[in-house]
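Everything on this sheet refers to the single structure shown next.
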Amino acid sequence: MSNKQTLVDVINLNAEASCLSTKRWLKALRGGKESELHKLLDAYVAHDLKINLGIVGSTLAEIEYLNPECITLINSHPQNFEILIRPFIHSLSILWSNDTFSYNYKLGKTYIESKLENCINWYLPPEFAMS
């Protein structure tokens, strides 16, 4: 048995709670394979690095619509991208009922698993999701 440890990046990709403006986020998405987002993701492939990637469902929907090449890249390299389950929207879910929280979680999980292939059964909640 090997005691080798691997350092991986864990990235929470959440455009709606990002410190980036909408204008800046949309700029990062534009350009297909030449976009900033695609180039960032492709760097993990080029350098054979592993990443645990959690994309909020609504952010993934924007990527699907504006830059599906990123989804293709992620799905083509499961050895580099391990997908964490996220809710569909990032919010102050502590203010929600249990049913609303559960719906947001299930909607995110279902959508993410329908678009991304190397999903693991780990949930990365919004900061206020735990009570």
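- Of the possible polar contacts, one joining the Asn104 side chain to the Ile89 backbone as a donor-acceptor pair under 3.5 Å is found.
- Leu60 has its side chain within reach of Ile71: a pair of non-hydrogen atoms, C-beta onward, lies under 4.5 Å apart.
- The closest side-chain heavy-atom distance from Leu53 to Tyr44 is not below 4.5 Å.
- When all heavy atoms are compared, the tightest approach of Ser35 to Arg30 is CB-O, 3.0 Å.
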Next on the checklist: Assess the residue pair Ile85 and Glu113 against the criterion (side-chain contact (heavy atoms from CB on, under 4.5 Å)); give the C-alpha distance rounded to whole Å, side-chain angles, the decisive distance to 0.1 Å, and a yes or no.
Outcome noted: CA-CA 8 Å; Ile85 299 303; Glu113 289 179 338; 3.9 Å; yes

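- Evaluation of the salt bridge (Lys or Arg N to Asp or Glu O under 4.0 Å) rule for Lys50 yields Glu82 as partners, not counting sequence neighbours.
- Atom CG of Leu37 is separated from atom CG of Asp42 by 11.0 Å, given to the nearest 0.5 angstrom.
- The two residues Gly32 and Asn67 make their nearest non-hydrogen contact at O-ND2, 3.2 Å.
- The salt bridge (Lys or Arg N to Asp or Glu O under 4.0 Å) pairs that include a residue from residues 52-71 are Glu64-Lys115, where partners are two or more places apart or lie in different chains.
- Within the structure, ring pair (Phe, Tyr, Trp, His ring centres under 6.0 Å) contacts touching residues 60-89 (residues at least two apart or in different chains) are Phe88-Tyr111.
- Counting heavy atoms from C-beta outward, Thr72 and His38 have side chains that stay 4.5 Å or more apart.
- The closest side-chain heavy-atom distance from Leu49 to Asp9 is not below 4.5 Å.
- In this structure, the separation between NZ on Lys109 and OG on Ser102 is 12.0 Å, given to the nearest 0.5 Å.
- Within the model, atoms CG of Asn12 and CG of Asn52 stand 12.0 Å from one another, a figure rounded to the nearest 0.5 Å.
- Between the side chain of Thr59 and the backbone N or O of Ile55, no donor-acceptor pair lies under 3.5 Å.
- Val8 places none of its side-chain heavy atoms less than 4.5 Å from the side chain of Ile51.
- Note: Ile83 CD1 to Asn121 CG = 14.0 Å, rounded to the nearest 0.5 Å.
- Looking only at side-chain heavy atoms (C-beta outward), Leu13 and Ile63 come within less than 4.5 Å of each other.
- Nearest heavy-atom pair, Lys39 versus Lys33, reported as atom, atom and distance to 0.1 Å: CG-O, 4.1 Å.
- No donor-acceptor pair under 3.5 Å is formed between the side chain of Asn14 and the backbone N or O of Val56.
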